[in-house]
Amino acid sequence: DLKYKQPYHYDATVEVTPELDEIDYKGLALQKARREVTEEDIQKQLQMFQKNLSRTEAIEEDRPVQEGDFVLIHYEGFENGAPVEDLQRTENFTMKIGSAQIAKELDEALIGKKPDDSMDVEVAFPEDYGNKTLAGRSVTFHVELEEIRKEVLPEIDDELAKNFGPFETLDALKAEISKNLRQGYEKRTEQELNEQIFSTLIEKRDFEVPETMVEYELDGIISEAERSFMYHNMTMEQLGLTKEHLAEKYRDTAEKQVKRHLILNKIIDQENLTLEEGELEEGMAEMARSFNQPVEGIKGYYQQHPDKLQHLQYTLLEKKALDLIINHSEIEEVEPEAIEEAAEADEER
């Protein structure tokens with residue numbers, strides 16, 4: 001208790017950033033996946049584009065519905081004889097038999113039926129059904145089969161290429177696909193090397209991190225997840241998620257991120273790394289390419305947000321520290337499977 005003109009004392013707990021000893025980052029044994037863009041990779045991408053432009057048309061032969069057919073139906077859902085709000089009468093709905101687009105019971109009931117047939121189908125939606133308003137409910141579907149249809153795919157040719165950008169020929173589209181795949185492989189390889197670097201350095205000398213730093217990083221991860229949901233016109237509530245759930249799920253990720261920042265910060269100080277003339281400009285140019293925006297727009301943004309500019313500068317310094325580690329490592333090229341198996345083993349530990 002405080003007393004007038006009497007001495008007093010108090011206890012306080014203050015979290016401080018851990019002081020790391022000099023980090024020996026040279027000579028790390030790393031594995032780099034050997035990935036090349038193949039014609040098979042390009043063809044798979046072209047087949048996805050082809051699928052995006054597919055259409056369906058009524059079959060000519062007189063036969064019943066088979067597995068793999070597309071069907072055109074009208075349907076309505078009832079529960080205890082009353083219409084279900086989320087399953088009001090829907091006409092001319094196309095679905096593929098076997099995909100369980102609404103429910104597998106519906107697909108199974110349609111097999112063997114012919115156009116103009118109608119039926120009632122009982123569907124028990126599981127508790128974990130994607131549409132939460134239907135999860136756990138038993139619904140009777142009244143279904144009318146209008147048509148049996150087949151999928152028609154366009155040819156993979158110059159005409160298809162024109163639908164996916166400023167491409168006059170199929171070869172031009174294939175060149176763009178190859179470039180994008182190669183960039184994706186390079187990004188994945190970079191991420192795999194980074195994972196190996198931090199796993200090795202933390203294994204050499206692990207350390208505790210302040211709870212406040214973990215919470216700060218976790219807040220950033222959750223905010224980014226919320227922005228992603230909003231971009232796709234979804235909310236956490238619609239997905240059955242809460243901030244508490246996300247905090248539990250990503251807590252280990254946040255702690256690892258804090259450790260990575262601290263390790264890189266130590267190497268930046270240890271090696272007196274700074275941004276040389278032109279490196280900030282190149283960083284902005286790279287960002288402009290990534291977002292397909294003019295460089296002037298990126299520069300204007302940072303002029304208006306100097307606090308963000310400081311964050312960009314530090315991010316570029318972290319990248320410089322990572323490049324330094326990689327340049328002083330012993331890198332062995334291996335097949336991608338070896339990297340994936342090693343990553344799975346790390347997760348199990």
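Residue numbers start at 1 and run along the sequence shown. It should be emphasised that the depicted structure is a prediction, and the values quoted were computed from it without experimental measurement. Values below: all heavy atoms of this structure, side chains included; hydrogens, waters and symmetry mates excluded.
Annotation: side chain of Glu144 is in contact with side chain of Ser118 (closest heavy-atom distance under 4.5 Å).
Between Glu186 and Arg35 no salt bridge is recorded (no basic side-chain N to carboxylate O distance below 4.0 Å). Contact check on Asp252 versus Lys256 returns no salt bridge, with no Lys/Arg side-chain nitrogen under 4.0 Å from an Asp/Glu carboxylate oxygen. Under a 4.0 Å N-O distance rule, the pair Asp69/Arg63 qualifies as a salt bridge. The residues Asp62 and Lys114 are annotated as salt-bridged, a charged nitrogen and a carboxylate oxygen being separated by less than 4.0 angstrom. Arg188 and Glu190 are not joined by a salt bridge, as no carboxylate oxygen comes within less than 4.0 angstrom of a charged side-chain nitrogen. Between Glu57 and Arg149 no salt bridge is recorded (no basic side-chain N to carboxylate O distance below 4.0 Å). Taking the charged nitrogens against the carboxylate oxygens, Arg227 and Glu224 do have a contact shorter than 4.0 Å, which makes a salt bridge.
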Could you give me the CA-CA distance, side-chain angles and deciding distance for Arg137 and Glu79, then say whether salt bridge (charged side-chain N to carboxylate O under 4.0 Å, His left out) is met? CA-CA 8 Å; Arg137 297 168 68 178; Glu79 186 177 34; 2.5 Å; yes

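Defined by atom type and a distance below 3.5 Å, a donor-acceptor pair is present between the side-chain atoms of Thr133 and Asp86. Side-chain atoms of Thr56 and Glu151 form no donor-acceptor pair, as typed in the model, at a separation below 3.5 Å.
Between Lys319 atom NZ and Leu273 atom CG the span is 12.5 Å, to the nearest 0.5 Å. Rounded to the nearest 0.5 angstrom, Leu218 CG and Lys249 NZ are separated by 12.5 Å.
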Counting only pairs under 3.5 Å, give me each side-chain donor-acceptor contact of residues 170-182, with atom names and distances, residues two or more places apart or in other chains.
{"from": "Lys174", "atom 1": "NZ", "to": "Glu39", "atom 2": "OE2", "distance (Å)": "3.1"}
{"from": "Asn180", "atom 1": "ND2", "to": "Glu176", "atom 2": "O", "distance (Å)": "3.4"}

For residues 70-77, which side-chain donor-acceptor pairs fall under 3.5 Å, sequence neighbours excluded?
{"from": "His74", "atom 1": "ND1", "to": "Asn92", "atom 2": "N", "distance (Å)": "3.0"}
{"from": "His74", "atom 1": "NE2", "to": "Glu146", "atom 2": "OE1", "distance (Å)": "3.2"}

Can you give me every donor-acceptor pair (side chain of residues 259-268, partner residue at least two apart or in another chain, under 3.5 Å) with its distance?
{"from": "Lys259", "atom 1": "NZ", "to": "Asp206", "atom 2": "OD1", "distance (Å)": "2.8"}
{"from": "Arg260", "atom 1": "NH1", "to": "Glu195", "atom 2": "OE2", "distance (Å)": "3.2"}
{"from": "Arg260", "atom 1": "NH2", "to": "Glu195", "atom 2": "OE1", "distance (Å)": "2.8"}
{"from": "Arg260", "atom 1": "NH2", "to": "Glu195", "atom 2": "OE2", "distance (Å)": "2.8"}
{"from": "His261", "atom 1": "ND1", "to": "Glu318", "atom 2": "OE2", "distance (Å)": "2.8"}
{"from": "Asn265", "atom 1": "OD1", "to": "Tyr314", "atom 2": "OH", "distance (Å)": "3.1"}
{"from": "Lys266", "atom 1": "NZ", "to": "Leu20", "atom 2": "O", "distance (Å)": "3.2"}

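Shown here are the ring-ring contact (aromatic ring centres under 6.0 Å, His included) partners of Phe125, two or more places apart in sequence or in another chain: Tyr129. For Glu286, the side-chain hydrogen bond (donor to acceptor under 3.5 Å, both in side chains) partners two or more places apart in sequence, or in a different chain, are Arg289. For the salt bridge (charged side-chain N to carboxylate O under 4.0 Å, His left out) test, residues two or more places apart in sequence or in another chain that qualify with Glu333 are Arg34.
At most 12 heavy atoms of other shown residues, nucleotides or ligands fall within 6.0 angstrom of atom NZ in Lys308.
At a threshold of 4.5 Å between side-chain heavy atoms, the hydrophobic network of Ile, Leu, Val, Met, Phe, Trp and Tyr places Tyr301 and Val295 in two separate groups. Residues Phe291 and Leu309 share a single hydrophobic cluster, defined by chaining ILVMFWY side chains whose heavy atoms lie under 4.5 Å apart.
Under a 3.5 Å cut-off, the side chain of Gln270 and the backbone N or O of Ile23 do form a donor-acceptor pair.
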